[in-house]
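Here's the structure we're looking at; comments come further down.
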Amino acid sequence: MTALKKLAHPVLDPLFWPPVIDKVGPWTGHIPFAHWLICTMRPRLVVELGVYAGTSYTAFCQAVKSMHLPTRCYGIDTWEGDEHAGYYAENIYNELYTLNDVEFSSFSTLMRMTFDQALPSFEDATIDLLHIDGRHTYDDVKHDFSTWLPKLSDRGVVIFHDTEERKTDFGVWKFWSELKAQYPNFSFLHSHGLGVLCVGAQIAPGVAELASGLSYSQISLVQERFRLLGSMAVSETLKAAAGSEDVVEPIMPASTEISAPLSRRDSILFSSDFLNGKNLEIGPLYRPLILKTEADVIYADHLGTDDIKLKYKSNPEVPLEAIVDVDVVISGQGIARDLSKYGPFSNIVASHVIEHVPDLVGWLSDVSSLLVEGGKICLAVPDKRYTFDIMRRSTCFKDIVDAHREKRWRPSLDVVCDAFRNSSGVTSQQLWSGSIDIHSMEVGHPVGVVNDAIARHMEGNYVDVHCWVFTSFEFCRLIDQTISLFNLPLRQAYFHDTQFGAEEFHYQLEKRTS
């Protein structure tokens with residue numbers, strides 16, 4: 001089949017169906033995917049929690065109607081609104097009810113009640129597609145998922161809107177990050193984010209491929225093409241609303257559709273009020289995240305400015321002229337002792353630092369002692385899947401416990417050997433693109449370099465390596481266990497998983513109030 005015939009193939013038709021609703025909303029950019037999902041899954045029962053004006057719900061119904069599927073659809077909402085979506089006027093429900101009655105009443109039912117009130121109306125293991133888009137706090141979305149999970153069939157798929165939205169008390173992103181570690185999934189980043197979660201054992205092949213059958217480069221391509229299709233849906237909706245095919249409108253109106261990805265800096269510092277508090281940045285090198293010209297910040301490092309420049313003198317990737325002046329040199333006595341007279345701090349920022357500390361528990365304890373109540377530890381941490389650590393053994397909880405029990409002030413011999421023998425020269429770009437076979441690439445430094453590192457360690461010297469190696473979700477689990485076992489006054493405040501093409505994830509801990 002030629003490329004032109006493929007473009008004209010009827011299987012692509014759902015991607016280009018015009019939206020039913022003529023108002024642009026936060027979900028409009030996902031309408032083409034909604035059409036594709038229904039046509040691919042051919043679900044027997046669809047339930048939506050949180051319907052509002054019906055952008056997503058009518059997209060599901062439109063696909064059911066166009067494909068003549070024997071599907072039943074139920075949209076559940078109080079149509080009263082909340083603090084996230086706003087509070088609705090009665091015409092929101094009336095207009096949707098009329099549209100549903102005219103176009104979809106043979107298979108679609110609107111249920112005006114709370115999600116919990118609707119639960120008894122559905123038998124267990126019957127829902128093939130569940131869309132959760134109700135209240136967006138962490139506790140609310142977790143409750144909705146937990147209570148409705150038994151209703152999902154063996155073909156069950158759950159989709160979550162606003163997985164990329166991090167304003168105010170939105171918590172979908174946080175719950176989504178936990179679910180991704182448990183189920184096959186796929187994430188769209190545009191239009192505030194959409195998460196697709198496969199919870200059943202008999203997922204439709206096309207959806208299963210989306211969740212676990214694509215290469216890194218294919219994932220990026222699918223995300224980008226559905227973003228462009230979503231842009232077209234927004235444009236067509238605007239034209240329909242204006243009543244003219246000649247109306248030229250911006251493809252993505254910022255007020256309704258754009259949910260721009262956070263910059264690296266904004267993600268690391270997310271929700272931290274660094275402009276009004278006292279800050280500490282550890283290891284700023286040549287690109288500090290908090291500038292002295294904008295905030296009260298102290299720079300600390302394990303070496304002074306001149307020694308840092310000497311260390312990186314032969315490294316072409318580090319511009320020596322941009323290296324910032326270090327205010328405090330962290331000695332072997334510990335960060336708490338060296339920095340206590342400058343604190344307490346509202347925020348402590350450490351980019352690519354925590355993986356170097358020999359005693360993780362001791363470091364977290366010291367750092368937390370420097371924080372005010374409610375203060376944040378803002379971390380950027382390398383993800384082993386996309387760095388030269390990819391072939392190294394992941395850190396286990398016993399490693400963390402042993403290091404603290406021994407009060408390590410430098411990496412152990414085991415860690416030094418692992419770092420020099422099992423790290424590689426692979427780049428994050430190679431790993432994301434899939435251009436290299438990690439199982440056949442060269443691993444480890446030359447024997448002479450390995451032996452020299454071991455000799456330096458045996459002589460009592462500090463050999464700087466990554467003491468801790470983990471994926472993003474391994475890190476989250478280990479930190480939770482560490483906080484619990486050692487009763488650290490901390491809790492997770494923010495987690496932003498490794499984004500496509502990147503090598504790090506971002507994580508924040510907050511000092512608990514007494």
Side-chain angles (χ1 to χ4, degrees), residues 264-275 277-309 311-312 318 322-372 375-382 400 403-404 408-411 462 464-468 470 475 479 482 488-490 492-494 496 503-511:
R264 178 179 185 267
R265 180 178 189 255
D266 288 344
S267 179
I268 295 172
L269 301 178
F270 181 78
S271 80
S272 61
D273 188 15
F274 65 92
L275 293 177
K278 185 180 291 186
N279 307 282
L280 167 65
E281 182 163 353
I282 306 169
L285 198 56
Y286 67 92
R287 50 176 185 175
L289 291 158
I290 300 178
L291 304 177
K292 285 183 176 289
T293 55
E294 64 182 350
D296 183 1
V297 59
I298 289 200
Y299 296 146
D301 212 318
H302 70 294
L303 294 173
T305 308
D306 291 339
D307 289 331
I308 290 176
K309 289 182 178 180
K311 177 181 177 180
Y312 289 99
V318 178
I323 291 176
V324 301
D325 290 330
V326 174
D327 299 308
V328 180
V329 177
I330 302 170
S331 69
Q333 300 299 317
I335 190 171
R337 179 169 177 173
D338 294 327
L339 273 300
S340 59
K341 66 180 180 181
Y342 299 96
F345 300 99
S346 297
N347 303 285
I348 297 178
V349 181
S351 174
H352 290 245
V353 170
I354 195 171
E355 68 274 13
H356 290 272
V357 300
D359 177 6
L360 185 62
V361 179
W363 189 83
L364 287 173
S365 178
D366 282 354
V367 170
S368 64
S369 72
L370 295 171
L371 285 172
V372 299
K376 303 283 183 61
I377 304 172
C378 307
L379 302 171
V381 187
I400 295 173
H404 186 59
R408 286 184 195 156
W409 62 272
R410 62 176 183 153
Y462 192 105
D464 186 24
V465 295
H466 285 185
C467 299
W468 315 108
F470 18 56
F475 177 86
I479 292 297
T482 299
L488 298 175
L490 298 167
Q492 177 182 314
Y494 172 77
H496 195 199
E503 63 177 13
E504 65 181 19
F505 55 92
H506 305 148
Y507 188 93
Q508 287 182 9
L509 288 163
E510 180 179 48
K511 187 168 183 177

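Note that this is a predicted model, so its numbers are computed, not measured. Computed from heavy atoms alone, side chains included, the values below leave out hydrogens, waters and symmetry copies.
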Quiz prompt | Nearest non-hydrogen partners of Arg265 and Leu289, listed with the distance | solution = NE-O, 2.6 Å

Quiz item: At their closest point, which heavy atom of Ser272 faces which heavy atom of Asn347, and how far apart are they?
Solution: CB-OD1, 3.0 Å

Practice problem: For the pair Leu360 and Ile354, evaluate side-chain contact (heavy atoms from CB on, under 4.5 Å) and give the outcome as yes or no after the intermediate values. | Solution: CA-CA 7 Å; Leu360 185 62; Ile354 195 171; 3.4 Å; yes

Quiz prompt | Distance, nearest 0.5 Å, that separates CD1 of Ile400 from SG of Cys467 | solution = 11.5 Å

Quiz item: Hey, what do you get for SG (Cys378) to CD (Glu510), rounding to the nearest 0.5 Å?
Solution: 10.5 Å

Practice problem: Starting at CZ of Arg337, measure out to CG of Asp366 and round the result to the nearest 0.5 Å. | Solution: 11.5 Å

Practice problem: For the residue pair Pro358 and Tyr462, establish whether any side-chain heavy-atom pair is separated by less than 4.5 Å. | Solution: yes

Quiz item: What heavy-atom pair brings Ser267 and Gln508 nearest, and what distance separates the two atoms?
Solution: O-NE2, 4.2 Å

Practice problem: Please determine if Lys376 forms a cation-pi arrangement with Phe270, meaning its NZ or CZ atom is less than 6.0 Å from the six-membered ring centre and no more than 45° off the ring axis. | Solution: no

Quiz item: Rounded to the nearest 0.5 Å, what separation is found between the CZ atom of Arg408 and the CG atom of Asp359?
Solution: 8.5 Å

Self-check item: Side chain Asn279, main chain Asp296, donor-acceptor under 3.5 Å
Solution: yes

Exercise. Could you tell me the separation between the CG atom of Asp273 and the CG atom of Leu275, rounded to the nearest 0.5 Å?
Key: 6.5 Å

Quiz prompt | Side-chain heavy-atom pair Val328, Leu280 within 4.5 angstrom cut-off | solution = no

Practice problem: Search all heavy atoms of Ile290 against all heavy atoms of Glu281 and return the closest pair with its distance. | Solution: N-OE1, 3.0 Å

Quiz item: Is the shortest side-chain N to carboxylate O distance from Lys292 to Asp325 below 4.0 Å?
Solution: no

Quiz item: For Ile308 and Leu303, which heavy atoms make the closest approach, and how far apart are they?
Solution: CD1-O, 3.5 Å

Practice problem: Using side-chain hydrogen bond (donor to acceptor under 3.5 Å, both in side chains) as the criterion, point out the one residue from His506, Glu504, His496 that pairs with Arg264. | Solution: Glu504

Quiz prompt | N/O donor-acceptor pair under 3.5 Å between Asp327 side chain and Ala300 backbone | solution = no

Quiz item: Do Lys278 and Tyr342 touch side chain to side chain, with heavy atoms closer than 4.5 Å?
Solution: no

Quiz item: So do Val381 and Phe470 actually touch side chain to side chain, heavy atoms under 4.5 Å?
Solution: yes

Quiz item: Are the side chains of Ser340 and Leu370 in touch, meaning some heavy atoms are under 4.5 Å apart?
Solution: yes

Exercise. Ignoring hydrogens and angles, tell me if any N or O in the side chain of Trp363 forms a donor-acceptor pair with the backbone of Ile335 under 3.5 Å.
Key: no

Quiz prompt | Minimal non-hydrogen separation, Ser365 against Ser368, with atom names | solution = O-OG, 2.8 Å

Quiz item: Atom CD1 of Ile323 and atom CG of Leu285: how far apart are they, to the nearest 0.5 Å?
Solution: 5.0 Å

Exercise. Without swapping roles, check the side chain of Lys511 against the backbone of Gly375 for a donor-acceptor pair under 3.5 Å.
Key: no

Quiz item: So among Leu509, Leu364, Ile479, Val367, which one has a side chain to side chain contact (heavy atoms under 4.5 Å, CB included) with Leu488?
Solution: Leu364

